[in-house]
Engineer: 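Let me give you the structure first, and then I'll get to my questions.
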Amino acid sequence: MLNRQGRPTGTGEGASAEGFTTFTGHKGLDLNEPLIFEIGRGDRTGVDVPDAPKVASRLGGLEREAPIGLPGLSEPEAVRHYTRLSRKNYAIDMGLFPLGSCTMKHNPRLNEKMARLAGFSDIHPLQPQDTVQGALELIDTVAHWLMELTGMPAVAMSPKAGAHGELCGLLAIRAALEARGDAREVVLVPESAHGTNPATAAFCGYRVEEIPATENGRVDFEALKKRLGPDVAAIMLTNPNTCGLFEPDIIKIAEAVHAVGAFFYCDGANFNAIVGKVRPGDLGVDAMHINLHKTFSTPHGGGGPGSGPVVFSEALAPFAPLPYVKKTEERFELVEHLEEGDQSFGRMVAFHGQMGMFVRAASYMLSHGADGLRQAAEDAVLNANYIMAKLQDVMTPAFEGPCMHEALFDDRFLKDTGVTTLDFAKAMIDEGYHPMTMYFPLVVHGAMLIEPTETESRASLDEFIGALRSLAEAAKNGEKERFTAAPHFAPVKRLDETRAARQPVLSYKNTAEPGSVTTPVAAE
Amino acid sequence: MLNRQGRPTGTGEGASAEGFTTFTGHKGLDLNEPLIFEIGRGDRTGVDVPDAPKVASRLGGLEREAPIGLPGLSEPEAVRHYTRLSRKNYAIDMGLFPLGSCTMKHNPRLNEKMARLAGFSDIHPLQPQDTVQGALELIDTVAHWLMELTGMPAVAMSPKAGAHGELCGLLAIRAALEARGDAREVVLVPESAHGTNPATAAFCGYRVEEIPATENGRVDFEALKKRLGPDVAAIMLTNPNTCGLFEPDIIKIAEAVHAVGAFFYCDGANFNAIVGKVRPGDLGVDAMHINLHKTFSTPHGGGGPGSGPVVFSEALAPFAPLPYVKKTEERFELVEHLEEGDQSFGRMVAFHGQMGMFVRAASYMLSHGADGLRQAAEDAVLNANYIMAKLQDVMTPAFEGPCMHEALFDDRFLKDTGVTTLDFAKAMIDEGYHPMTMYFPLVVHGAMLIEPTETESRASLDEFIGALRSLAEAAKNGEKERFTAAPHFAPVKRLDETRAARQPVLSYKNTAEPGSVTTPVAAE
Amino acid sequence: MRYLPHMDADRQSMLADIGVEHIDELFRDVPAAALLKEPITSLPNHATELEVERMLSRMAGRNTPASAVPFFIGCGAYKHHVPASVDHLIQRGEFLTSYTPYQPEIAQGTLQYLFEFQTQVARLTGMEVANASMYDGSTATTEAIFMARRITRRKKALISAGVHPHYVDVAKALAKVSGDELVIGTPELAKGKPGGDYEALLGQIDKTTSCVVVQNPNLFGYVADLTELAEACHANGALLVVVVTEVVSLGLMKSPGEMGADIVVGEGQSIGNGLNYGGPYLGLFACREKFVRQMPGRLCGETVDADGRRGYVLTLSTREQHIRREKATSNICTNSGLCALAFTIHLSLLGEAGLRQLAQFNHARAVQAAERLAKVPGVEVLNDAFFNEFTIRLSKPSRDVVRELGNRDILAGVALSRLYPTETALHDGVVLAVTEIVTESDIEALAKGLEEVLSC
Amino acid sequence: MRYLPHMDADRQSMLADIGVEHIDELFRDVPAAALLKEPITSLPNHATELEVERMLSRMAGRNTPASAVPFFIGCGAYKHHVPASVDHLIQRGEFLTSYTPYQPEIAQGTLQYLFEFQTQVARLTGMEVANASMYDGSTATTEAIFMARRITRRKKALISAGVHPHYVDVAKALAKVSGDELVIGTPELAKGKPGGDYEALLGQIDKTTSCVVVQNPNLFGYVADLTELAEACHANGALLVVVVTEVVSLGLMKSPGEMGADIVVGEGQSIGNGLNYGGPYLGLFACREKFVRQMPGRLCGETVDADGRRGYVLTLSTREQHIRREKATSNICTNSGLCALAFTIHLSLLGEAGLRQLAQFNHARAVQAAERLAKVPGVEVLNDAFFNEFTIRLSKPSRDVVRELGNRDILAGVALSRLYPTETALHDGVVLAVTEIVTESDIEALAKGLEEVLSC
Ligand SMILES: Cc1ncc(COP(=O)(O)O)c(C=O)c1O
Ligand SMILES: Cc1ncc(COP(=O)(O)O)c(C=O)c1O
């Protein structure tokens, strides 16, 4: 252990393999890294600021006296810190990332370059409109593509992510219902829905009722029809659904929903499977959000930012939120305020939405074109079915028949092996893969939802399939340790999530030794 | 092993640790990666090119018929390939990189950003001069800084790296000698000199003679004086020298050299130790190259590009190469051709040198300023001496007394341990460090030349020192395996360099299996 | 297509492996009438990189970047200099192309920076805990109002007249459906403290108040001590929610926590993030530890791995939609991870000393500007106290003046009519932000420009 | 200073640990008179990022970028579109901030791409081996001449009139000291084959010739079959050295190897690298395997590790300065690693199909341009055969015409007087390069511009 002279970094114990333990705890290129609070210092800065002009303070006596407790790093230290941290992540750039429902496709670098053009990145949302005509044109361009691709007549660009788009959709639905004096109470959501669907409905003051699935993983149309009535404000349906299946009754469902005066909200998280192949507008959808960070490949960024524009039917268009861009003969105009007679439900966000994501999406759309987007959807579906076909003899598909862009398995193939879906996922880490989405959708036991996306080559799929086949066989052959103790090769071993929740340590408390574990203070 | 379905990647055998072997050969985030020739395909491209206009070919019948054999990757495949490869490298951004003589200091990101301004990166070297006045101003600015910092009256900007700068210096010296009708034959070079010094002298048609070092690691002034004579064209001296020591007799040396009509070429690779502290012009230097990629932090880029401008004394200035920038009242002018009466030895390179590196160096110089550059030199020297002070009891410093910017050790402390300098270096890899420069300079047995640079924090130095102390003690304690089998934790084990040289395989020959080892064809 | 690895031959043989002949057999569940037979013809086909770059560069070229002109626009988004290393680091593929760290063992990079981010935000705001980010300041503010309702089980929120009107509008849109009652102040261009309605608020707080929401510095740049307000809130069992849209101010000013805030929300764009015409931005959310189980959004916590080594995971997810569904504290899922990364990198580069200097410079430059503008005939500086933003009243309609200065390539602040089209009493006001990017000659250009425009 | 981690207190305590009081005690070997007591006063002190960015942006703003105007300049450096992913990838810290892979176990990333690069270059040029890069095309050419001397033990090199004059100048400067004799052709604007002096060369080759150096396409864009020349060289025991400055041409044209070259050198800038006002560029160096031990520069080779797994190392270093010192084949050390990376990334993105299409497009666009310009009164297109570059003869002095077009924001090629100030016979010639960045309307603008300038 490094102690007399050296800064003991990272996590205490030295690393060992093949009988050797390193003194530093680093292992070759696998480097430990303490927290900035353990490296940085309050008096050090990596940013030079010129001396402030001498003036009499006008802060009104509000000067801060107590120190804040912010460590500073010089630029070399900062670059190293974040480089080292980054190397502890898995990412699309490193390998296949089959996280179902999340569409971890390649993020083209052109998009990043375009988003950094000063004319897009360095303009203020409150600049005079004459100085941002190109920005408004860009927004208008993306809006146009979204409307054409969905066959819907209106789009709200400002929602900040998928869940925010759902909110936008339900707010418009509620406004539309209220406009006709028809307050309704219930939103219907299938069991298989993503958590954001019920959460959004509840956030909007609706009671959420579940509608059951058939054993084929589709909405039980008969059950739905039975439940529909004048108290139902809307149905929220994902299509293709979270089992990776297209809802064959979708048009009938839309008709039935409309028949009782309700609206059809479609969760468009899986639009990537059908873009250019099916226009939701042709299915009777009233509102649908589109995750630009999924279908249109704006990067996921470790958890955002996303962007969730919502397309609307004629019925809902008047209730769409502010602001929006209007194209007149001479110019583009940003409409920020309600005008006399407007029925918009109001504003969802300060300013005008995720401009940086719009630029990336525009770059993606223009690059692919109508033909490329369609091809991307087809390839996404092809890849998922290829995986399904190649794994169905060793793993257990949750449902029969072809899937759309993701292949859903359950854990029957692990029966009596002592290996859980979680263990199986962690063993995939050792094999060089990010695990699939686990335990979602809830309608399937021990679900494993695999979404390869269209940007994986056949060779990449074959390697992945080979790895999963080998693992499935190993599980059946009783190699339990391989799974239950996995991951063996990740930067850390399996983490104790229960402890984290029971004894939450949510911020750094200065402790004695860099790398040491915090004694939790707030026990549940 | 992955075989039926999967693409067997990388290096054949699966990875193992703690008794486990992965099926894919990957180990968590440590991912194998085959060659592009094993992944790519000739019919696939990651670049869309528009269809060529239909025209009648005017190639003169020189159309290529045979295939070239170039694999193509889609962008997702390419990004993944190079990302994975990059992760097999050590770099300054990851940790301390004490490669003596190479000055692996932090490379500020501002420099990269500035070099990419379209006004610098997207201009052609043969554009009309009116359209590149800012570029000429930039070159002039860097030239000005270099002259001020060295106290020398002229500078040639075009040399492409340090060794190219040496060539520039010797060509000017030769031209100056010839101009006075004084052909000389010998260039004197100390034993400790970098290999490029004798190589350059020989390239210029000089006979190289070595001058011995004292046991303090300095030039033996008496021996030198004895050797000087009318056949000596120049001496090439590194200062601070490659042992990390300032030559105390430097001014006397310069005087003695000048006294016999010879020139003093100074290898300025170590200028970073004295920039802002000492001006080579004050020492009697006639020509000196400056590695912008060392002292001025333009990145090393895995082996270049560098840049090696050469400053000249009055005596040599007239012989400096073309082109150069001249500042007139109204504009900057690029002089590309010899004019009547010019004594320039001619041109070293197409166009005008490493513009991209000049921009980075300008950004570095302006950022540091005169005060910051001086501080950087002091900190570089401080850090090296700190390491020396903290390690001298467990390792064996090659010479006594303080050093400049690098600390030189020999291998006496490894005596009778069965551990060589090479083994010791490889064990450092396991501890998370790039090894120091080994076996150079040649004047020291089993040399270990440690250059921490000024951009390492004290904490970083302390951790490094701790690691080296522990290793030195381990070697003495007989833990031989730790060293001789090192590295244990790198992406590959120790590589067989002898085999590579005996049976050279210098390009890929399509073989059956990705990842398989090529059977060497050309045995020596 | 450069982004699609398959060739047609691959597709054919993969279809054969699947056991179908045509791709559309995999789309068999799509009602036949809805399956498009060919690419949508109203949109162009694929384009080369060069073509796309040209199309988008043309659009970008039609906008005036903040860096290109004297620039004084703020009101919730601020032009600060972001070090080059920030943008370099956030573009590392391991950050850029990963996602929410659901698999912590291979997401320690993201998780550790989130833990560091949370700690920085908590310290900066004077709170005990902070979450891993929200969409932006406006949505974070609405979430805070709702959280206060859950904690106090009261529905009435008092909103200061100094809160950014967009933030208020967002809260209004949601309050309509959530059942929250919002009592919203009307801003006045009061001399000394524009938008500073704290007296009025003090009078309104009662036992039915869930929270009081104030912005500090407020929209008009006015800064105030909130201690008394906090005490009044607490005496009535209400919470004080403080909104900060210019986080750089926290380098120089007392933190909301020191003044008694219970929840602090804010817009973090100022640190690490560019203007981006309004997004993506970064919602900050911090509060007292006792409220943590009512917080919205992701939380990262420390734990240990199977070998007892320190590590990080997402935690307390029983608050969240993916576990609790309709009972979740919020519906948020994807948030602003990469913006949080940019924030935490910039802030750790600044450190305490750098942030303090930066804030000091901003304030001093703003004071210089205020003093210079006060000398322009027809300009009245309204704020007594401010950080880097203040309000002036002009002798002419502000929108015209701002537009005219725009024509002269001076982006001279926000005319209040833009934000409050129906509050005509505000229409002679302009809010100006003065950050470290403003030079003395920019100030001079603005003053001269105003002199000319106001005098003609 | 943002780049220096020490604070003064660190410095003090470290000095104490070292056992000295003042930093200058560590500089004790510096003659007292030469030790500066304070920072150099003729240079400014440190500056903030924002200040530096402004200073450099101002300079950058005074240049006209190629992308901004119709652009036809070539002659050894070419404006091609480089995919965004190339620049992204070469900026990964692990590539950017590493160095020559002296420690192969932690440099497999660099070594593997060098091995791939060498293979690509060898295949592209039709050679068996290529090295890991030289500084640029001009220095690579000189090295080739010297290598031919070492192989043939002859000193006379014949250099074609079509070789880039800068390359010739570089060789001349070094030949002066190396003792090589260079016989250099004088270019003529011959109708059909400008600079194409192969007939003359054929007559000059004899048993004292070490090598013949030709450029293809040559400086004037003229392309020729070199087979006969190669045969004549080989019949006389001389080597054929082929210089390629526009490597994109190799996507469409017979490789030098197919035509019998022994050594192929070139400028690799065209692929993966920007114009950068002339540098850094990328010297390519390839040859027959039998000559490998006379090659200059680094070579990467395949080997195995202690477990028998494939890996890469630098090899055959007994040719190099750090081992062989004055007996080395060259003094080169630092070369063009990162430019080679950019090249190999771009080329692996292109692949065979993409490179072929790109070359095809270049050629077709150039033919369009030649056909259009041929119709302009006062313009004569000289080349029969060309790839993407050709020479025109004007009815007026070319330098004036090019300058006048420059004033109209058209960068219309290289006036030959710029490259050959003393060869007045060439002064009505202009060399134009036409790559994929040239649009039809650019060609039209150029033609119209020429029409106007030549007719007035
Ligand atoms: C089916 C589904 N719906 C909604 C969402 C929510 O989208 P976002 O994370 O962008 O808010 C997701 C994303 O995870 C999803 O997969
Ligand atoms: C002392 C010394 N001289 C010369 C050189 C050669 O410089 P370059 O590699 O830039 O050609 C080096 C670099 O390695 C060096 O360390």
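We name chains A, B, ... by the order of the sequence lines, and we start the count at 1 in each one. Reckoned from all heavy atoms, side chains included, excluding hydrogens, waters and symmetry mates.
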Engineer: Of the backbone (N, CA, C, O) and the side chain (C-beta and beyond), which part of A:I429 lies under 4.5 Å from a heavy atom of chain C, both, or neither?
Structural biologist: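 Side chain only.
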Engineer: Can you list the steps and then say if C:Y277 with A:F120 is a side-chain contact (heavy atoms from CB on, under 4.5 Å)?
Structural biologist: CA-CA 7 Å; C:Y277 199 50; A:F120 294 134; over 6 Å; no
Engineer: Would you check if the distance from the ring center of C:Y135 to the ring center of A:H164 is below 6.0 Å?
Structural biologist: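 Yes, ring centres under 6.0 Å apart.
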Engineer: Using non-hydrogen atoms and a 4.5 Å limit, figure out which bit of C:S57 sits close to chain A: side chain, backbone, both or neither.
Structural biologist: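 Both the backbone and the side chain of C:S57 come within 4.5 Å of chain A.
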Engineer: Is there side-chain contact between A:P53 and C:R365, with at least one heavy-atom pair below 4.5 Å?
Structural biologist: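 A:P53 reaches C:R365 side chain to side chain.
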Engineer: Of all the heavy-atom pairs spanning C:S330 and A:F203, show the shortest one and how long it is.
Structural biologist: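 Reported closest heavy-atom pair: CA-CE1, 4.0 Å.
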Engineer: Assess C:K176 against A:F345: is NZ or CZ under 6.0 Å from the centre of the six-membered ring, and within 45 degrees of the ring's axis?
Structural biologist: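 Because its charged atom misses either the 6.0 Å distance or the 45° angle limit, C:K176 does not stack over A:F345.
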Engineer: Report which part of A:Q133 has an atom under 4.5 Å of a heavy atom belonging to chain C: side chain, backbone, both, or neither.
Structural biologist: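 Backbone plus side chain of A:Q133, per the 4.5 Å heavy-atom cut-off to chain C.
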Engineer: Does A:D122 pair with C:K79 as a salt bridge, N-O distance under 4.0 Å?
Structural biologist: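 Yes.
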Engineer: Less than 4.5 Å to any heavy atom of chain A: does that hold for the side chain of C:I23, its backbone, both, or neither?
Structural biologist: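 Just its side chain gets close to chain A.
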Engineer: Can you tell which part of C:L411 gets under 4.5 Å to a heavy atom of chain A, answering side chain, backbone, both or neither?
Structural biologist: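 The side chain, not the backbone.
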Engineer: Just wondering, do A:L70 and C:L350 contact through their side chains at under 4.5 Å, heavy atoms?
Structural biologist: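 Of all side-chain heavy-atom pairs linking A:L70 with C:L350, none is under 4.5 Å.
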Engineer: Start with the C-alpha distance between C:T97 and A:N107, add both sets of side-chain angles, then the distance that settles side-chain hydrogen bond (donor to acceptor under 3.5 Å, both in side chains), and finish with yes or no.
Structural biologist: CA-CA 7 Å; C:T97 74; A:N107 303 127; 4.9 Å; no
Engineer: At a heavy-atom separation under 4.5 Å, does A:I250 approach chain C through its side chain, its backbone, both, or neither?
Structural biologist: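 The answer is the side chain of A:I250.
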Engineer: Does any N or O in the side chain of A:R64 come within less than 3.5 Å of the main-chain N or O of C:L250, such that one atom is a donor and the other an acceptor?
Structural biologist: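 Yes; at least one donor-acceptor contact below 3.5 Å.
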Engineer: C:E371 versus A:R58: any side-chain heavy-atom pair under 4.5 Å?
Structural biologist: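 Yes, side chains in contact.
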Engineer: For A:M348, is it the side chain, the backbone, both or neither that has a heavy atom under 4.5 Å from a heavy atom of chain C?
Structural biologist: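 The answer is the backbone of A:M348.
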Engineer: Counting only heavy atoms closer than 4.5 Å, note whether A:A485 contacts chain C via side chain, backbone, both or neither.
Structural biologist: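 The answer is neither part of A:A485.
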Engineer: Do C:M59 and A:V359 have side chains that approach each other closer than 4.5 Å (heavy atoms only, starting at C-beta)?
Structural biologist: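 Sidechains of A:V359 and C:M59: no contact.
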Engineer: We want to know whether C:S348 and A:Y82 form a side-chain donor-acceptor pair, criterion being a heavy-atom distance below 3.5 angstrom.
Structural biologist: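 Their side chains do contain a donor-acceptor pair, which is all the 3.5 Å distance test asks for.
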Engineer: Select, from C:G406, C:P83, C:C300, the one with the greatest count of heavy-atom pairs under 4.5 Å involving chain A.
Structural biologist: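 Between C:G406, C:P83, C:C300, the count favours C:C300.
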Engineer: So what's closer than 4.5 Å to chain A heavy atoms on C:L355: side chain, backbone, both or neither?
Structural biologist: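 Side chain of C:L355 only, per the 4.5 Å heavy-atom cut-off to chain A.
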Engineer: Would you check if the side chain of C:T315 reaches a backbone N or O of A:A501 as a donor-acceptor pair within less than 3.5 Å?
Structural biologist: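 Yes.
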Engineer: Does the A:N89 side chain pair with the main chain of C:G109, one donor and one acceptor, at a distance under 3.5 Å?
Structural biologist: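 Yes, the answer is positive, given that a donor and an acceptor are paired below the 3.5 Å cut-off.
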Engineer: Can you tell me which portion of A:R174 sits under 4.5 Å from chain C's heavy atoms? Options are side chain, backbone, both or neither.
Structural biologist: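 Only the side chain of A:R174 comes within 4.5 Å of chain C.
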Engineer: Counting only non-hydrogen atoms closer than 4.5 Å, does C:V20 touch chain A with its backbone (N, CA, C, O), its side chain (CB onward), both, or neither?
Structural biologist: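 C:V20 has no heavy atom closer than 4.5 Å to chain A.
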Engineer: Within the distance-only criterion (no hydrogens, no angle test), does the side chain of C:R310 pair as donor or acceptor with the backbone N or O of A:T518 below 3.5 angstrom?
Structural biologist: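 No, because the side chain of C:R310 does not come within donor-acceptor range (under 3.5 Å) of the backbone of A:T518.
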Engineer: Are the side chain of A:H124 and the backbone of C:A66 linked by a donor-acceptor contact shorter than 3.5 Å?
Structural biologist: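 The answer is no, because no donor-acceptor pair under 3.5 Å joins these two groups.
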Engineer: With rounding to the nearest 0.5 angstrom, report the CD1 to CG distance, C:I73 to A:L126.
Structural biologist: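 That separation rounds to 7.0 Å.
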Engineer: Is the shortest heavy-atom distance from the side chain of C:Q103 to the side chain of A:K426 under 4.5 Å?
Structural biologist: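 In contact.
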Engineer: Among A:T131, A:I123, A:L138, which residue satisfies the side-chain contact (heavy atoms from CB on, under 4.5 Å) criterion with C:N63?
Structural biologist: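 Of the listed residues A:T131, A:I123, A:L138, the side-chain contact (heavy atoms from CB on, under 4.5 Å) partner of C:N63 is A:I123.
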Engineer: With a 4.5 Å cut-off on heavy-atom pairs, point out which of C:P101, C:A224, C:A328, C:G61 contacts chain A the most.
Structural biologist: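 Heavy-atom pairs under 4.5 Å are most numerous for C:A224.
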Engineer: Check this for me, if you would: do C:R58 and A:E137 make a salt bridge, where the nitrogen-to-carboxylate-oxygen distance has to be below 4.0 angstrom?
Structural biologist: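 Here C:R58 pairs with A:E137 in a salt bridge, since their nearest N and O are under 4.0 Å apart.
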Engineer: Given that the side chain runs from C-beta out, which part of A:R41 has a heavy atom under 4.5 Å from chain C: side chain, backbone, both or neither?
Structural biologist: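 When you check distances to chain C, no heavy atom of A:R41 falls under 4.5 Å.
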Engineer: Could you check whether any side-chain heavy atom of A:M114 comes within less than 4.5 Å of a side-chain heavy atom of C:E53, counting everything from C-beta outward?
Structural biologist: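 When only atoms from C-beta onward are counted, C:E53 and A:M114 do touch, with a gap below 4.5 Å.
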Engineer: Which answer fits C:Q91, side chain, backbone, both or neither, if we ask what part of it has an atom under 4.5 Å from a heavy atom of chain A?
Structural biologist: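 Just its side chain gets close to chain A.
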Engineer: Over 60° means perpendicular and under 30° means parallel, so tell me whether C:H166 and A:F351 are parallel, tilted or perpendicular.
Structural biologist: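 Rings of C:H166 and A:F351: perpendicular, as their planes differ by over 60°.
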Engineer: Using non-hydrogen atoms only, which part of C:L89 is less than 4.5 Å away from chain A: side chain, backbone, both, or neither?
Structural biologist: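 Side chain only.
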Engineer: Measure distances from A:H81 to the heavy atoms of chain C and classify the residue's part below 4.5 Å as side chain, backbone, both or neither.
Structural biologist: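 The side chain, not the backbone.
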Engineer: Is A:D282 reaching over with its side chain to a backbone N or O of C:A34, donor-acceptor style, under 3.5 angstrom?
Structural biologist: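 Side chain of A:D282 to backbone of C:A34: no pair is present.
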Engineer: Which answer fits C:V223, side chain, backbone, both or neither, if we ask what part of it has an atom under 4.5 Å from a heavy atom of chain A?
Structural biologist: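 For C:V223, heavy atoms of backbone and side chain both lie under 4.5 Å from chain A.
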Engineer: Side chain, backbone, both or neither: which part of C:A33 has an atom under 4.5 Å from a heavy atom of chain A?
Structural biologist: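 The answer is neither part of C:A33.
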Engineer: Select one option (side chain, backbone, both, neither) describing which atoms of A:A163 are under 4.5 Å from chain C's heavy atoms.
Structural biologist: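 Interface part for A:A163: both.
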Engineer: Where on C:S255 is there a heavy atom nearer than 4.5 Å to chain A: the side chain, the backbone, both, or neither?
Structural biologist: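 Contact with chain A involves both backbone and side-chain atoms of C:S255.
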Engineer: Do any N or O atoms from the side chain of C:E326 and from the backbone of A:A201 form a donor-acceptor pair under 3.5 angstrom?
Structural biologist: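 The answer is no, because no donor-acceptor pair under 3.5 Å joins these two groups.
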Engineer: Of the listed residues (C:K172, C:M253, C:E258), which shares the most heavy-atom pairs with chain A below a 4.5 Å separation?
Structural biologist: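 Of C:K172, C:M253, C:E258, C:M253 has the most heavy-atom pairs under 4.5 Å with chain A.
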Engineer: Between CG of C:L43 and CZ of A:R374, what distance do you get to the nearest 0.5 Å?
Structural biologist: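 If I round to the nearest 0.5 Å, the distance is 13.0 Å.
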Engineer: Against chain C, label A:L73 side chain, backbone, both or neither, depending on which of its atoms sit under 4.5 Å from a heavy atom there.
Structural biologist: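 Both backbone and side chain of A:L73 come within 4.5 Å of chain C.
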Engineer: Counting only N and O atoms by type, is there a donor-acceptor contact under 3.5 Å from the side chain of C:D384 to the main-chain atoms of A:G60?
Structural biologist: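 Judged by distance alone, no pair lies under 3.5 Å.
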Engineer: Identify which part of C:C75 has an atom lying under 4.5 Å from any heavy atom of chain A, answering side chain, backbone, both or neither.
Structural biologist: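 Both parts, heavy atoms under 4.5 Å.
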Engineer: Would the distance check show the side chain of A:E497 and the main-chain N or O of C:V313 forming a donor-acceptor pair, the cut-off being under 3.5 Å?
Structural biologist: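 No, the answer is negative, given that no donor and acceptor are paired below the 3.5 Å cut-off.
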Engineer: For chain C, which of A:P248, A:P321, A:A202, A:A425 has the most heavy-atom pairs under 4.5 Å?
Structural biologist: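 Most pairs with chain C among the choices: A:P248.
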Engineer: Side chain, backbone, both or neither: which part of C:T100 has an atom under 4.5 Å from a heavy atom of chain A?
Structural biologist: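 When you check distances to chain A, atoms from both the backbone and side chain of C:T100 fall under 4.5 Å.
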Engineer: Does A:D496 reach the main-chain N or O of C:T303 with its side chain, forming a donor-acceptor pair under 3.5 Å?
Structural biologist: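 It does not hold such a pair.
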Engineer: Between C:R11 and chain A, with a heavy-atom cut-off of 4.5 Å, which part of the residue counts as in contact: side chain, backbone, both or neither?
Structural biologist: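 Both backbone and side chain.
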Engineer: Report the residues that fulfil side-chain contact (heavy atoms from CB on, under 4.5 Å) with C:Q357, sequence neighbours left out, ordered by chain and then residue number.
Structural biologist: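 With neighbours one apart ignored, the set is A:V49, C:A353.
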Engineer: Name the region of C:Y167, side chain, backbone, both or neither, that has any atom closer than 4.5 Å to a heavy atom of chain A.
Structural biologist: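 For C:Y167, side-chain heavy atoms alone lie under 4.5 Å from chain A.
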Engineer: Does the side chain of C:T64 reach to within under 4.5 Å of the side chain of A:P128, using non-hydrogen atoms?
Structural biologist: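 When only atoms from C-beta onward are counted, A:P128 and C:T64 do not touch, as no gap falls below 4.5 Å.
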Engineer: Fit a plane to each ring of C:Y99 and A:H300, take the angle between them on a 0 to 90° scale, and name the class: parallel (under 30°), tilted (30 to 60°) or perpendicular (over 60°).
Structural biologist: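 Correct class here is perpendicular.
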Engineer: Can you check whether C:L35 reaches A:K277 side chain to side chain, under 4.5 Å on heavy atoms?
Structural biologist: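 Side-chain contact under 4.5 Å: yes.
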